[in-house]
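Have a look at the structure below before the remarks.
Below, chains carry the letters A, B, ... as their sequence lines are ordered, and counting in each starts from 1.
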Amino acid sequence: MADIKHRIAKRVAQEFKDGYVANLGIGLPTLVSNYLPEGVDVILQSENGFTGISGAAEPGKEDVDVINAGAGYVTYEKRACFFDSALSFAIIRGGHLDATVLGAMEVDEKGNLANWIVPGKMVAGMGGAMDLVTGAKKVIIAMQHTQKGAHKILKECTLPYTALNVVDLIVTEMGVMEVTEDGIVLKELHPDFSLDDIKAATGCELIISKDLKPMEVE
Amino acid sequence: MADIKHRIAKRVAQEFKDGYVANLGIGLPTLVSNYLPEGVDVILQSENGFTGISGAAEPGKEDVDVINAGAGYVTYEKRACFFDSALSFAIIRGGHLDATVLGAMEVDEKGNLANWIVPGKMVAGMGGAMDLVTGAKKVIIAMQHTQKGAHKILKECTLPYTALNVVDLIVTEMGVMEVTEDGIVLKELHPDFSLDDIKAATGCELIISKDLKPMEVE
Amino acid sequence: MVDKIKTADEAVKDLKDGMTIMVGGFMACGSPENLMDAIVRKGVKNLTVIGNDGGMPPTENSSARGIGKLVAAGLVSRLIASHVGLNPQVGEGMMCGKLGCDLIPQGTLAEAIRAGGAGLGGILTPTGVGTIAAEGREIIEVDGKKYILEKPLKADFAFIRATHADKFGNFMSAKSTKTFNYVMAMAAETVVLGTEQLHEVGELDADLYHMPGTFVTYIVGGEIKWQI
Amino acid sequence: MVDKIKTADEAVKDLKDGMTIMVGGFMACGSPENLMDAIVRKGVKNLTVIGNDGGMPPTENSSARGIGKLVAAGLVSRLIASHVGLNPQVGEGMMCGKLGCDLIPQGTLAEAIRAGGAGLGGILTPTGVGTIAAEGREIIEVDGKKYILEKPLKADFAFIRATHADKFGNFMSAKSTKTFNYVMAMAAETVVLGTEQLHEVGELDADLYHMPGTFVTYIVGGEIKWQI
């Protein structure tokens, strides 16, 4: 599982270009920053109000005025800049993020996303997720392909939506998929899996790219 | 004329309460700050972006980074705070000014105001005036009662409006008038003038306050 | 100059049952703890609280923090926030029907508060179109794209926190403590500023302050950094 | 780190005839003069210029300043501003039909630019209802009160000015030079920042900067204070 997470994060990192401004969700997406290609400088935004967020603070050396969006104490880069929530979401909603990486409960072939409500469970709230996927230029979903065997990539989401028509790319341990007007196109397949494996693990038709490549992360 | 301006400014100053935040238009309204009553501390806002604007800068001692809304070099108080145009107009439009004082071409008995377009003349633009009169809690018009004999206080404005139903108080060299739901109520009459004088100089019915007082400025 | 400096208890004197209050901060980082304590001491009831989240709950090692103090004391009947997952007491209150919770996307919440302070009738946001966040809201189409009309939010009181303030109320909140403190300063009838450092007027350069003191009704000193 | 530092001429390389540009400042106070000069040298035509005003015209003792430089050089075919009374050359241009001018209330102009930068579909303002400022605009009623729906403004280029900037583009504009520089930083495809002081990253405390460098495409040093 840890292995799978790092595989996904490594592949997502390849999508980043030099100079990108990006927001990484808590958890798996945060790992992406560890795998940025050589020469690719990315500045990360934290939706509670700064650009230049860096790794977790060392215990005992926390600056209590600096947290990430998950309330963890973090460090910041020298080029960091701090601002209020209104400006932070002006950045997010206004299209000033080149990419955002988040997990999902469900994604469907229209690029609809559901990642905030599980019926019967307590609703924590959407936080900044709806703004992030609405505003970022490129929305990358980084997640395990299935949830205990259940499909997460679907013809149509069953859970309440986070946003409609927003997902651009899905990266899982099985492959890399692009959401297009025609549906979900499998661009890369991980060598651990066959086409039949990934088709079986997917709840909608997968269009196989004419240019299908192996998903390479090492 | 200089005398009249100061008379009007002095009377307007009496409307100010301790702790007021106010915006004074260029010209006559700016004089108001010279006549604030003892113990009445008012902080003045400049719509180009600060609170704590003070008098004109001494020639040769100008700080070129500090101008007023009329592009004149000015000084600022120790308690000044500088901000951008969006925040400046959040203050203005958001009801955070206790009072604004402006001149007018025409005011009518509904409290409508016209002070920015003269047909046939070049239109300079409304600048911040529309926002000021819409947002300030109290809109005080400080002006000469007539323009070369022509009525400026009317039943209905003839010039294009700056804003509708916004004027609270009109102070002229002849008297002090409150705009009410019933019309314009004369509250104070300057001893230099008779009731007939001010009625003749006014283009709409003046309701004479039961409690009519002399306009006292010294 | 009007004297705005008060004790925390003086500053909440006119806070009444059923009022709507805003509380700055994000997961209690940047929340005015002294002011929260004073509200708890006063014991007002049925507050509607507008804030990013539900603050932090009490743990074995520490008391509740930020809005969490108000929730723990049972003073909150309605919470308008973007995320309440880090405070299980909010969930418990929702389960037993004691606490109503309106969830709003974080960026929309910030804009709605700003709109309240800036005198706007509302803002049009693309965030949440086609989702639960659009429920009960008007949809307005501009140039062929759909937006939610989000109305302004205002409050009776705002409780906000500064790192540096002067005695006129000019202030700034350091690093990531800014969050909702700046927009809330504009959007309430009475604005109470809790500050760590309290300076004489003119002691610091004007441009070190980010927000003008004209927004601030009362200033309360003595905020201290959270001790982990 | 991507190198954003350019000469003024390099920064306007991709500026083309007919583009829409924003220029920060207020009556030229806070306008990036080096960048204006570079645009004049390039000599692009038919620009639509969004700014508070028409800048300052040339006088016997000095050249034009701010947007006034572009007007004097005849590069502007349309001006979107709140007030043009201090630059008679704008009036002359309007009289002879060479220069179209859209006048917008100053606060509405600031919000429209901010909305453009913040991804809003528009904002509802009470300012201008029942006046010429409402012409061609939709009126939206919220809770019984009428508002103008003002649509967002965006531009191909924004030319803004800082007093202090670092090499990543984090910046602040001192005192009353902030004006439209902050909102315009958000609202254009390419954002060119002219700065007086250019600092190494990390040289100044992060909270001295008011706006993040992520908005800034190019940084041009060498702005100097206006000499009266």
Suppose a student defines contact as a heavy atom less than 4.5 Å from any heavy atom of chain A. Which residues in residues 67-91 of chain C would they list?
S82(C), H83(C), V84(C), G85(C), L86(C), G91(C)
Please name the pair of heavy atoms, one in V66(A) and one in S176(C), separated by the smallest distance, quoted to 0.1 Å.
CA-OG, 3.3 Å
Just checking E58(A): does its CD atom have more than 12 heavy atoms from other residues, nucleotides or ligands closer to it than 6.0 angstrom?
no
For a side-chain contact (heavy atoms from CB on, under 4.5 Å) check, start with the C-alpha distance between Q106(C) and F89(A), then their side-chain angles and the critical distance, and finish with the verdict.
CA-CA 8 Å; Q106(C) 201 168 124; F89(A) 282 85; 3.3 Å; yes
Taking the side chain as every heavy atom from C-beta outward, state whether T108(C) and D131(A) have any pair of such atoms under 4.5 Å apart.
yes
For chain C, which residues of residues 95-105 of chain A have at least one non-hydrogen atom nearer than 4.5 Å to it?
none
Per-residue tally against chain A (heavy atom, under 4.5 Å) across A110(C), G107(C), G128(C) peaks at G107(C)
Side-chain touch F180(C)/D84(A), heavy atoms, less than 4.5 angstrom
no
With a 4.5 angstrom heavy-atom cut-off, which part of I92(A) approaches chain C: side chain, backbone, both or neither?
neither
Donor-acceptor check, side chain of R93(A) to backbone of T127(C), threshold 3.5 angstrom: yes or no?
no
Is it the backbone or the side chain of A86(A) that comes under 4.5 Å from a heavy atom of chain C, or both, or neither?
both
Using side-chain heavy atoms (C-beta onward) and a distance below 4.5 Å, is Y73(A) in contact with I228(C)?
yes
Check whether more than 12 heavy atoms from other residues, nucleotides or ligands sit under 6.0 Å from atom NZ of K146(C), and answer yes or no.
no
Would you say the side chains of T179(C) and N48(A) form a donor-acceptor pair under 3.5 Å?
no
If you count heavy-atom pairs under 4.5 Å between each of T162(A), D65(A), T134(A), L87(A) and chain C, which one has the most?
D65(A)
Please check if atom CD in E203(C) has more than 12 non-hydrogen atoms from other residues, nucleotides or ligands closer than 6.0 Å.
yes
Looking at every non-hydrogen atom in both residues, tell me the closest pair between W116(A) and L103(C) and how far apart they are.
CZ3-CD1, 4.4 Å
For the residue pair K178(C) and F82(A), establish whether any side-chain heavy-atom pair is separated by less than 4.5 Å.
yes
In terms of heavy-atom proximity below 4.5 Å to chain C, should S85(A) be classed as side chain, backbone, both, or neither?
both
Any heavy-atom pair between the side chains of K175(C) and F50(A) that's under 4.5 Å?
no
Go through the steps to decide whether I132(C) and Y161(A) satisfy the test side-chain contact (heavy atoms from CB on, under 4.5 Å), and finish with yes or no.
CA-CA 8 Å; I132(C) 292 173; Y161(A) 294 121; over 6 Å; no
With a 4.5 angstrom heavy-atom cut-off, is it the side chain or the backbone of S46(A) that approaches chain C, or both, or neither?
neither
Checking heavy atoms, do the side chain of L109(C), its backbone, both or neither come under 4.5 Å from chain A?
neither
Where on I117(A) is there a heavy atom nearer than 4.5 Å to chain C: the side chain, the backbone, both, or neither?
side chain
Heavy atoms under 4.5 Å from chain C: which residues of residues 121-130 of chain A carry them?
M122(A), V123(A), A124(A), G125(A), M126(A), G127(A), G128(A), M130(A)
Toward chain C: residues of residues 11-27 of chain A with heavy atoms under 4.5 Å:
none
Does any backbone or side-chain atom of D63(A) lie under 4.5 Å from a heavy atom of chain C? Answer side chain, backbone, both or neither.
side chain
Please name the pair of heavy atoms, one in A69(A) and one in M27(C), separated by the smallest distance, quoted to 0.1 Å.
O-CE, 4.0 Å
